[in-house]
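Both ligands and their constituent atoms are indexed starting at 1 by order of listing. Side-chain atoms are counted along with the backbone in the values below, which use heavy atoms only and exclude waters and symmetry mates.
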Amino acid sequence: MRKIFITVYVVSIALIMSGCNQFDSLVNKIPFMNQSDGGHGFKENEEIVENDEPSVEEEEIASDILTLEAQFFNEIEEVNGKLTIQNPLNILALVNKEFSLPEQYAPEDLVRPKVPFSFGDLDIEKSYMRKEAAEHLELLFKAAEKANIEIFAVSGYRSYDRQVDVFAAKASQVGEQAAATVVAVPGFSEHQTGLAMDISSRSINLELIEKFEETKEGIWLADNAYKFGFILRYPKGKEDITGYQYEPWHFRYVGIEVAKLMYEKDLTLEEYFNIVEKI
Ligand SMILES: [Zn+2]
């Protein structure tokens, strides 16, 4: 980051100076500007750069350079014709219509978050989430309560086997091809990560419907979920990017830092991985 920032700074000096007749002679007086080794000479000038107030333009460029450690990127291998994620425990796993989870993958740290569920106290698979996500979901629900927002968790973890059942049930009604447009093909559901939760409210009878966006609960969630590490995974207007219809009820845990960044820059997870630089 620093190196790139300094490069921007140097380029801007060069641009300013290029308007000056004495540019060439000045270049010879500034040690780092006539070196072919781009990295080395900058070091001596770091202090000057750091003490200088960067211009708005420079700040914009610098903040646009997003980096992320390699471990948070999907590691993909083709298995039975499917691009399959090899590091499914990754909290930033990008699961979509392109990348699937391994059939046998089930997170080992599933817990039942202490939040109200649409189905009450039933201890069933879909009430579970991975521990870190569950803890943050509890914080999200507590904050909602404080703001007089009553929300209910509807559906969290979904095993591969359950996806097979759900898909088969749908396919028997409408055929496989049509089923694939409304239900995830087994292995391709983000719910298998244990990091997603569908949320609803009494105002729409605890259903998962687009109308949730108009409720005060849906609006509050869209505005606040990121503070607790959750993103609205399938936003309106980005259907072509996510491959999914708008789902104002589906929230995915990615951690507070990334959620905040995605919220502020209005990015989907797909867009985030398109612009972030692997380090
Ligand atoms: Zn969902």
Novice: Within 45° of the axis and under 6.0 Å from the centre of the six-membered ring of Y157, does NZ or CZ of K126 qualify?
Specialist: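 Relative to the ring axis of Y157, which defines the angle, K126 lies outside at least one limit.
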
Novice: Within 45 degrees of the ring normal and closer than 6.0 Å to the centroid, is that where the cationic atom of K260 sits relative to Y226?
Specialist: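 No - K260 does not lie over the ring of Y226 by the 6.0 Å and 45° rule.
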
Novice: What is the name of the N/O/S atom in H250 that sits closest to the Zn ion (ligand 1)?
Specialist: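 That would be atom ND1.
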
Novice: Side chain to side chain contact (heavy atoms under 4.5 Å, CB included) for E150 and S201? Distances and angles first, verdict last.
Specialist: CA-CA 7 Å; E150 193 189 24; S201 61; over 6 Å; no

Novice: Could you check if a side-chain atom of Y105 sits within less than 4.5 angstrom of a side-chain atom of L89, using non-hydrogen atoms only?
Specialist: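 In short, these two side chains touch, coming nearer than 4.5 Å.
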
Novice: Look at the N, O or S atoms of D198, main chain and side chain alike, and state whether any lies under 2.8 Å from the Zn ion (ligand 1).
Specialist: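 True for D198.
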
Novice: Can you tell me which N/O/S atom of H191 has the shortest distance to the Zn ion (ligand 1)?
Specialist: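 Checking each N, O and S atom of H191, the shortest distance to the Zn ion (ligand 1) belongs to NE2.
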
